[in-house]
2 protein chains.
Amino acid sequence: MDDASTPVRRKRGPARRLDEDRVVDAALEVLDRGGPGALGIRAVAARLGVRPNALYTYVADRAALERAVAERVLSLADTAMLTAPGRRWRERLTDYAVSMRTTLLSHPGAAPLLMTAPMDGPTAVAIGELLMATLEDAGLSAEEAARATYLLIVQVVGSVTLEVVETDGRAPLAGEDDRIAARRGAMGDVDPAVLPHTAAAVDVMASWIGGEQYRWAIDAVLDGIATRATTPDDGA
Amino acid sequence: MDDASTPVRRKRGPARRLDEDRVVDAALEVLDRGGPGALGIRAVAARLGVRPNALYTYVADRAALERAVAERVLSLADTAMLTAPGRRWRERLTDYAVSMRTTLLSHPGAAPLLMTAPMDGPTAVAIGELLMATLEDAGLSAEEAARATYLLIVQVVGSVTLEVVETDGRAPLAGEDDRIAARRGAMGDVDPAVLPHTAAAVDVMASWIGGEQYRWAIDAVLDGIATRATTPDDGA
DNA sequence: ACCTGAACACCGTTCAAGT
DNA sequence: ACCTGAACACCGTTCAAGT
């Protein structure tokens, strides 16, 4: 079921032709199969059927490879939601945040890279531009829109990274219910006499890594942002 | 100026006595001097004047060492602010958030460890307990308090980690103004014709890694949380 | 119980050499 | 221009041995 524009795309073959896109493709595959710890120059080279030092024609070093992977993953989330006509600014931001989580969770090993490498690539900038535009639709000033944009970025990337770090980071991730149950089990019993609030909330804390928590947090953040907006709920 | 309870504490000496605390001390020193990339079994052993494999008596492996360092750094922030009598819940949370940032920035290399290793140690749990108690003072239900707690944790740890990742991570960090100026310089010029919002907000974006942005974000988050509180502003 | 010596299987990165 | 061969200086971790 290959796309027509992707001629053959063999798994590991004798290296038909190399270019940066193919290197990043391979890096993402290594990440998906082996988790965050598996990514490395030698592993990617092996997957391409090539010697490790061959990669240095396309990538400056390991850090540059990681940045390229981070950019690639960001580009997989569809920004069309941010410009969807007829939808309110708040719905657009919520949709995009949820969709970004789904995208990142489908390449869990890549999520920590977003926190490790500075995101200054063209894709990251383009996303920032669209987020600021959406927040100005809400009636925020340019400065407030920029600050709110970063608040949202921190929340989205931070949540998903912490969520992934509790797994082995290989795709596909276990189902959310299973991951929450495993986390609940690892927490064991809490003595209500010494940690009353923790003991009472242990089930909710187990679900910190889930979609419901994610939605709750984004919602609260958007409420806080809405406080600063002049177009409370029905902006363009 | 050594504390009386710290007998001699030499820098690297012939290893007077080893225990887990001294190992974590050394790890934190390695981190402060060399940044996140410097931390490792061999580097810590060298700092203690001991062979690498000697560490395995006190720490299971590298991952356990990193978790121990993360726990240590968390314990350096003073939780007394969360229980300060006579102060409103919102002031207590703001004070603690600001103080946690200061603590983490004083050991910048350790900040990324909080995002990389699951935080399930006793210190992390104790902080969670106090945060939940404070948020219940605000009138949140147990479930809401737990969800708001995680929202705050993600925001604090996420912000500081992204802030540190743009530096070399060695202590002491350059002054905030210098770091913002350097970031502004790295962003270069942006064409207003293609990225109008980005071009207009470039100075604010440079300051994303600063204390003003941090405060703005925490404030917005607390506004969102306050929406769900029954004790709007003058809780116990 | 705690530390060393020695070794293992890895890393990222370089440089000269081939084609 | 692009890839290989070979080597460099590293890693984390193990195991047997010493004391």
Side-chain angles (χ1 to χ4, degrees), chain A residues 7 10 12-31 33-70 109-110 112-113 116-117 165 168-169, chain B residues 7 10-31 33-70 109-110 112-113 116-117 165 168-170:
Chain A
R10 64 181 67 63
R12 130 190 321 261
R16 164 63 106 210
R17 206 76 186 116
L18 230 48
D19 62 47
E20 191 183 334
D21 267 359
R22 271 185 40 98
V23 170
V24 176
D25 284 348
L28 205 47
E29 288 167 6
V30 166
L31 225 31
R33 283 163 207 262
L39 183 59
I41 296 285
R42 295 182 108 105
V44 174
R47 176 142 258 279
L48 289 165
V50 112
R51 303 295 178 189
N53 43 3
L55 294 198
Y56 288 90
T57 306
Y58 306 99
V59 72
D61 54 16
R62 184 196 221 274
L65 174 63
E66 291 180 350
R67 281 196 301 273
V69 172
L113 296 179
T116 297
V165 150
D168 63 6
Chain B
R10 64 180 66 67
K11 300 187 187 189
R12 140 188 311 263
R16 165 63 106 210
R17 209 66 184 129
L18 231 49
D19 63 46
E20 191 184 334
D21 266 359
R22 271 184 41 96
V23 170
V24 175
D25 284 347
L28 205 47
E29 289 168 6
V30 166
L31 225 30
R33 283 163 206 262
L39 182 60
I41 296 286
R42 294 183 109 104
V44 173
R47 176 142 258 279
L48 289 165
V50 111
R51 303 295 178 186
N53 42 3
L55 293 199
Y56 288 90
T57 306
Y58 306 100
V59 72
D61 54 16
R62 187 197 220 273
L65 174 64
E66 291 180 351
R67 281 196 302 271
V69 172
L113 297 180
T116 297
V165 150
D168 62 7
R170 287 180 304 196

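Both backbone and side-chain heavy atoms feed into the values below; hydrogens, waters and symmetry mates do not.
The distance between atom CG of B/Leu18 and atom C1' of C/dT4, rounded to the nearest whole Å, is 13 Å. If you measure from atom CZ of A/Arg51 to atom C1' of D/dA6, you get 11 Å, rounded to the nearest angstrom. To the nearest angstrom, P of C/dC2 lies 14 Å from CZ of B/Arg22. As rounded to whole Å, 14 Å separates atom P of C/dC3 from atom CD of B/Glu20. For the pair A/Leu55 CG and D/dC2 P, the computed distance is 13 Å after rounding to whole Å.
Place A/Thr57 and B/Tyr56 on DNA chain D by their nearest nucleotides, and A/Thr57 ends up nearer the 5' end.
Pairing for D/dT19 goes to C/dA1, judged as Watson-Crick or G-U wobble with the two contacts each under 3.5 Å. Here C/dG12 sits opposite D/dC8 as a Watson-Crick or G-U wobble pair (both hydrogen-bonding atom distances under 3.5 Å).
For B/Ile41, counting side-chain heavy atoms from C-beta on, the closest listed nucleotide (D/dG12, D/dC3, D/dA6) is D/dG12. Picking from D/dT4, D/dC2, C/dT13 the nucleotide with the shortest atom distance to the side chain of A/Tyr58 gives D/dC2. Each of D/dT14, D/dA6, C/dT13 was ranked by its minimum atom distance to the side chain of A/Arg62; first place goes to C/dT13.
Rounding to the nearest 0.5 Å places CG of B/Leu55 at 12.0 Å from CZ of B/Arg62. Taken to the nearest 0.5 Å, the OG1 atom of B/Thr57 stands 11.5 Å off from the CG atom of B/Asp19. Between A/Arg51 atom CZ and A/Arg42 atom CZ the span is 10.5 Å, to the nearest 0.5 Å.
Minimum interatomic distance between A/Thr116 and B/Val165 (heavy atoms only, all atoms of both residues): O-CG1, 3.1 Å.
A donor-acceptor contact under 3.5 angstrom links the side-chain atoms of A/Arg42 to the base of C/dG12.
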